[in-house]
Amino acid sequence: MRRTHHCYILGAEDTGKEVTLMGWVQRRRDHGGVIFIDLRDREGITQVVFNPERNPEVHAKAHGLRGEFVIGVRGTVELRPEGMSNPNLKTGGIEVMVSELKILNKAETPPFMIEDRVDVSENLRLKYRHLDLRRPNIQKNIILRHKASAAVREFLNREGFLDLETPFLTRSTPEGARDYLVPSRVNPGNFYALPQSPQLFKQLFMISGFDKYYQIARCFRDEDLRADRQPEFTQIDMEMSFVGEEDIMGISEKMMQYLFKSVLDTDIAPPFQRLTYDEAIDRYGLDKPDIRFGLELKDLSDIVENSDFKVFSSVVKKGGIVKAINAKGCIDFSRKELDDLTDFVAIYRARGMAWIKVKEDGWQSPIAKFFSDGEKQAMAERLNMEAGDLILFGADTPKVVNESLGNLRNHLGKRLGLIDESAFAFTWVTHFPMFDYDETEKRYQALHHPFTSPLEEDFERLESEPLAVRSRAYDLVLNGFELGGGSIRVHRTDLQRKIFKSLGMEAEEYEEKFGFLLSALDSGAPPHGGIAFGLDRLVMLLCRESSIRDVIPFPKTQKAACLLTNAPSEVSKAQLIELALKLRKIKTED
RNA sequence: GGGGGUGUAGUUCAGUUUGGUUAGAACGCCGGCCUGUCACGCCGGAGGUCGCGAGUUCGAGUCUCGUCGCUCCCGCCA
């Protein structure tokens, strides 16, 4: 018996054909006489019929069929009797009258039904992921993922990019995320690190003259998980020589356009909006703004700096800021709702949240009495206040105000239904700061990575004023998610050394760790730059899912475990000895 | 490391507020009947370590303490 067709492709035009289908028993409807089986494969469902009058032997055998049995059926495509077609099914007009049934394998009753509408805990889904992956919804996601990476490859191949591989076993680097380490058996006591990204290797490809590189590359970062973050994830990684920001952004936009067209048949229209980092923070509070709705933040620091409301004025005098959101028409928020919003901003360390309800005859607010008429007037104008509005304030350090109000803005956008869920709103964020200051380690850190080129006009401030240096880094943001980011790289040794120095590295240290890069840059490195996109996040947004676990075939749980295989696991003593490793007992508190 | 949510039949849940008879429902599963269903229908049945452990009590799914899993978030993620 050999399969001739997939389920879900047969139609009225196939009437009379003898076909052989193979698949899983989705559902059995046994009428005592006639038996109907919904046969499922990856393409869909076809109804197959066992009729005792037509073929009593096969009909008897079909009594034993159960859910998820794997069967093959040979039979004739027939139009369904008058009035019996099923308009909910593409193949609902026909059925296959079975003349031969082969049970290819039996199956235990699965722990959950293989259907989209069955609500089942993620725990169980992940333990039986092979069954979960049979469900049409998730199968659709995984197939869409394939289409997305296929489209990326088609596009980049056509544009002259070369798909080049880079090592998984590589060197641990001091900066960035925590590395996954792999012990070396042949070099006892030494470790490889799994790559956080192929960053340095793709730069070396440019130095070698390959000109345009891409790779759909697995990356590893040993950090805590989120709904949109796994410890191993996939990047669409690109690098180009002799380019500037416009070239990279341009090719990225064209790639997204091609991808959305071929995967979703959706037209998106480059060029995408561009925001500088400063503008994004100013208007949205976050460096990954969701631009599908308004509710923008307004800075009021200059207005309240000298007001009688000491909470505001003292914050501004200490270098902090005061910003506000106008929640249009939300005057009816109850005391409890306002308390909930205050609890929400407290997550981001905001210590309180002042508010004003704008009424026809004035402000209702615990803080209204502190402001002069002039200050009120200025605030009303800047926030475009109208009767019925609710104004929400943040006053603290810039970081706390922007993060809390930025997240509050997203929260309100969802809650108030301001978001067009069908929209794909892209924006670039450019001109990121080169460094930020790590309070715990008391030193500067590269915001993107240390191989990012500063803006040329800021070179001179590298030593004198590192926090004022802007970089040639850019992020692509989609619907409030960071889809990807990249930069124009440093291609001159002297500049690269200066940056290592700004990061607090001694010459000895960077020569030891990055000497190979410095020597490569000295060998005739072309100007180059690139970008990397998170494929998991991108596919999640394409599928309109809210977790990347729904677009990764075998995802990890929040504790970084695989429930299917029970990884990670202990290893044998012999393995440890071979690797020259000794485990230390971790003390548990009594 | 911290905060929130959650855990009861194979599955999804109710029951926990106020401790009290034999822990219920739906779907699924098993058996019977049924020749046009398509989430088939009807009848019957099986199925429980109430996450785990300790404590309080005459008595704990319910109260207390501890612990574990899963999840969302903060920190972290160059």
Side-chain angles (χ1 to χ4, degrees), chain A residues 26-39 45-54 59 63 66-68 78 80-89 91-92 95 97 108-128 131 173-179 196-197 199-200 219-231 233 343-350 400 403-404 407 411 432 434-436 438-440 444-452 471 473 482 485 487 499 503 534 546-547 549 556-559 561 563 588-590:
Chain A
Q26 171 71 26
R27 205 169 264 281
R28 165 184 65 112
R29 291 178 295 279
D30 186 341
H31 288 254
V34 69
I35 296 172
F36 300 100
I37 297 288
D38 289 337
L39 191 65
I45 279 172
T46 294
Q47 174 167 284
V48 302
V49 188
F50 299 87
N51 191 318
E53 287 169 3
R54 306 272 285 263
H59 175 265
H63 270 294
R66 292 294 182 272
E68 299 311 305
E78 297 186 357
R80 295 198 191 178
E82 192 67 27
M84 295 304 159
S85 59
N86 181 354
N88 300 323
L89 218 55
T91 57
E95 61 197 6
M97 188 61 67
E108 293 292 319
T109 302
F112 50 85
M113 291 288 285
I114 311 301
E115 287 177 343
D116 287 341
R117 66 175 161 279
V118 171
D119 190 16
V120 57
S121 78
E122 192 166 50
N123 215 349
L124 205 71
R125 290 176 53 197
L126 293 183
K127 185 170 174 190
Y128 299 96
L131 295 176
T173 52
E175 300 257 337
R178 197 175 290 113
D179 282 321
Q196 296 181 24
S197 88
Q199 181 59 37
L200 291 174
C219 304
F220 306 87
R221 294 177 191 175
D222 187 5
E223 298 292 347
D224 287 345
L225 290 83
R226 288 286 189 281
D228 64 351
R229 219 162 76 195
Q230 290 263 317
F233 60 99
D343 289 344
F344 180 85
V345 294
I347 296 169
Y348 305 95
R349 290 172 311 287
V400 168
E403 281 181 13
S404 59
N407 284 294
H411 180 72
F432 278 78
M434 187 74 192
F435 306 107
D436 65 358
D438 186 327
E439 291 292 345
T440 45
Y444 295 107
Q445 270 193 337
L447 204 72
H448 186 55
H449 57 54
F451 321 110
T452 299
S471 72
E482 182 196 328
S487 62
I499 291 168
L503 291 168
S546 52
S547 163
R549 289 189 297 274
K556 303 274 189 286
T557 70
Q558 201 173 33
K559 281 267 175 72
L563 296 182
T588 44
E589 299 289 324
D590 292 335

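The model shown is predicted, which means the values in this text are computed figures rather than measured ones. Numbers restart at 1 for each chain; the letters A, B, ... are given by sequence-line order, proteins then strands. Values reported hereafter were calculated over all heavy atoms of this structure, with side chains retained and with hydrogens, waters and symmetry mates removed.
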*Determine the interatomic distance between P on B:G48 and the same-named atom on B:A9; round to the nearest Å.*
11 Å
*With sequence neighbours excluded, what pairs up with A:Ser121 under the side chain to side chain contact (heavy atoms under 4.5 Å, CB included) test?*
A:Asn123, A:Leu124
*Name all residues meeting the ring-ring contact (aromatic ring centres under 6.0 Å, His included) criterion together with A:Tyr444; count only those two or more places apart in sequence or in a different chain, and write none if there are none.*
A:Tyr437
*Provide the Watson-Crick or G-U wobble partner of B:G28, both distances under 3.5 Å; none if there is no partner.*
none
*asked:* Could you tell me the Watson-Crick or G-U partner of B:C65, where both distances fall under 3.5 Å? Say none if there is no partner.
replied: B:G53
*Scan A:Ser197 against the nucleic acid and name what it touches under 4.0 Å (heavy atoms): base, sugar-phosphate only, or nothing.*
base
_Qualifying residues under ring-ring contact (aromatic ring centres under 6.0 Å, His included), relative to A:Phe451, sequence neighbours excluded_ = A:His449, A:Phe514
*Just do the side chain to side chain contact (heavy atoms under 4.5 Å, CB included) check on A:Asp38 and A:Arg29 with the steps written out, would you?*
CA-CA 9 Å; A:Asp38 289 337; A:Arg29 291 178 295 279; 2.9 Å; yes
*For A:Phe344 and B:G4, what is the distance between atoms CZ and C1' respectively, to the nearest whole Å?*
13 Å
*Who pairs with B:G47 - Watson-Crick or G-U, where each distance is under 3.5 Å*: none
_Can you build the contact string for nucleotides 31-39 of chain B? Use B for base contact, S for sugar-phosphate-only contact, and - for no protein heavy atom under 4.0 Å._
S--BBBBBB
*Using the P atom as the reference point in each nucleotide, state the distance between B:G44 and B:C27 in Å, no decimals.*
14 Å
_Rounded distance in Å between the P positions of B:U57 and B:G2_ = 33 Å
What protein N or O atoms touch nucleotides 5-10 of chain B N or O atoms at under 3.5 angstrom, if any, and at what distances?
| unit_1 | atom_1 | unit_2 | atom_2 | d |
| --- | --- | --- | --- | --- |
| B:G10 | O2' | A:Pro111 | O | 2.9 |

_Restricting to ring-ring contact (aromatic ring centres under 6.0 Å, His included), what partner residues turn up for A:Phe112, sequence neighbours left out?_
none
_For atom CD of A:Glu108 and atom P of B:G28, their distance in whole Å_ = 19 Å
*Please state the P separation for the pair B:C13 and B:G51 - nearest whole angstrom.*
14 Å
*Quote, to the nearest angstrom, the C1' distance that separates B:G19 from B:A25.*
23 Å
*Sequence neighbours left out, what passes ring-ring contact (aromatic ring centres under 6.0 Å, His included) with A:Phe432? Give chain and number order.*
A:Tyr277
_Among residues at least two apart in sequence or on other chains, which ones pass side chain to side chain contact (heavy atoms under 4.5 Å, CB included) with A:Val49?_
A:Val34, A:Phe36, A:Gln47, A:Glu95, A:Met97
*So what does A:Phe451 touch, heavy atoms closer than 4.0 Å: a base, only the sugar-phosphate, or nothing?*
nothing
_A:Asp179: side-chain hydrogen bond (donor to acceptor under 3.5 Å, both in side chains) partners, not counting sequence neighbours_ = A:Ser172, A:Gln196
*What distance, rounded to whole Å, do you find between the two P atoms, one in B:U35 and one in B:U71?*
49 Å
_Counter-base of B:G1, judged by Watson-Crick or G-U geometry with both distances under 3.5 Å_ = B:C74
*Less than 6.0 Å separating the ring centroids of A:Phe50 and A:His59?*
no
Dump every N/O contact between nucleotides 68-72 of chain B and the protein below 3.5 Å, one line per pair.
| unit_1 | atom_1 | unit_2 | atom_2 | d |
| --- | --- | --- | --- | --- |
| B:C70 | OP1 | A:Thr557 | OG1 | 3.4 |
| B:U71 | OP1 | A:Gln558 | N | 3.2 |
| B:U71 | OP2 | A:Gln558 | N | 2.7 |
| B:U71 | O3' | A:Arg549 | NH2 | 3.1 |
| B:C72 | OP1 | A:Arg549 | NH1 | 3.3 |
| B:C72 | OP1 | A:Arg549 | NH2 | 2.4 |

*Tell me, please, which residues at least two apart from A:Glu115 pass side chain to side chain contact (heavy atoms under 4.5 Å, CB included).*
A:Gln26, A:Arg27, A:Met113, A:Arg117, A:Val118
_Under the side-chain contact (heavy atoms from CB on, under 4.5 Å) test against A:Pro231, which residue among A:Lys556, A:Arg178, A:Glu223 passes?_
A:Lys556
_Whole-angstrom distance between B:C43 and B:C70, as gauged at atom C1'_ = 40 Å
_Taking salt bridge (Lys or Arg N to Asp or Glu O under 4.0 Å) as the definition, give me every residue that meets it alongside A:Glu482, ordered by chain and number, with sequence neighbours left out._
none
*Using the C1' atom on both, measure B:U18 against B:C63 and round to a whole Å.*
11 Å
